[in-house]
Amino acid sequence: MAELIDIHAHNYYTCPNGILLLNVFPGEDEKLAHRCYFSAGLHPWHIRQDTFESNLLWVEQIAADERVIAVGETGLDKAIQVPWPLQVAVFEKQLVLAENFRKPLIIHCVRSYSEILAYRSKSDQKLPWIFHWFNASPEIANELIRKNCYLSFGHTLFNEKSKAFHVFKTLPTGCIFLETDDAGFTIQQIYERAAQVRGITTETLARQIKENFTTCFGIY
Ligand SMILES: [Zn+2]
C-alpha cells in the first residue's frame with residue numbers, strides 16, 4: 001500500500017502512518033517538535049495591524065528549516081473583515097519568501113481566484129502552488145491546472161452539493177492532493193471517500209497522489 005499523504009493538516013493525529021504536512025502558524029512553535037513535514041505561514045484570518053510584521057519575520061525564520069517544505073497557508077479571503085490592502089501586502093511578502101526559498105506555496109483562497117491567478121501569471125518561477133480546500137467551478141479548476149497548480153480536497157467531498165464534489169469526480173489525477181485541514185476527519189477517511197467518489201480503489205488513488213507529491217516536492 002502506498003503511503004497516505006495529508007498535504008494540509010492542523011492536527012498531528014490525522015495521519016498516523018503516512019506523510020504529514022503539518023501547518024504551523026505564528027505562536028504554534030511547539031508543533032515543530034513533531035516528526036513530520038511542515039508548512040509555515042501567516043493566514044489572512046490572523047493578520048493584525050500590530051503583529052503582522054513580526055509574524056512575517058517569524059515565517060521567514062521558520063521557512064528556512066529544511067523540514068518546512070512549503071510556505072503557507074497564506075492567501076486572500078474576501079469573506080473576512082481584514083482590510084484588503086493588508087491582506088495583499090502579507091500575501092505578496094510570502095509569495096516572495098516562497099520563491100526565495102524555492103518552496104511550494106499552500107494557498108487559502110476565498111472568492112479571490114481571479115486575483116491569485118493574476119499573481120500566478122506574473123510569477124516567472126512557476127514553483128508549485130497548492131490550493132487547499134478547493135471549492136470552486138470546473139472552469140477555475142481547469143485554469144489553475146493549466147497554470148500547473150495543484151488542488152487539494154478534504155471534508156467537502158462528503159457534501160454532494162458542494163462544487164468540490166462535482167469538480168473532483170473528473171479532475172486529472174496529476175493535480176490532486178488530499179487533506180484533513182481542521183475538519184475532524186483522519187486522512188484515511190478522506191482517501192476512502194475520495195476513492196469512492198472517483199470510482200477507483202484507495203490503493204490506486206494513494207499511488208497517484210504519492211507520484212504527485214514526488215513531482216511537487218522532489219521528495220521520494
Ligand atoms: Zn487550514
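Values below: every heavy atom of this structure, side chains too, minus hydrogens, waters and symmetry copies. Quantities reported herein were computed from a predicted structural model and do not represent experimental measurements. Just follow the structure's listing: the first ligand is 1, and inside any ligand the first atom is 1.
- A salt bridge links K147 with E143: at least one charged nitrogen is closer than 4.0 Å to a carboxylate oxygen.
- By the 4.5 Å heavy-atom criterion applied to side chains, Y113 and L144 are counted as neighbours.
- The distance from the CG atom of D65 to the CZ atom of F101 is 10.0 Å, given to the nearest 0.5 Å.
- Between Y12 and H34, the angle of the ring planes stays under 30°, which puts this pair in the parallel group of the 30/60° scheme.
- Of all protein N/O/S atoms, those lying under 2.8 Å from the Zn ion (ligand 1) come to 4.
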(message) Would H8 and F177 count as a ring-ring contact (aromatic ring centres under 6.0 Å, His included) here? Give the steps.
(response) CA-CA 9 Å; H8 179 69; F177 281 120; over 10 Å; no

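- Cation-pi geometry between K122 and Y119 is met: the NZ or CZ atom falls under 6.0 Å from the ring centre, inside 45° of the normal.
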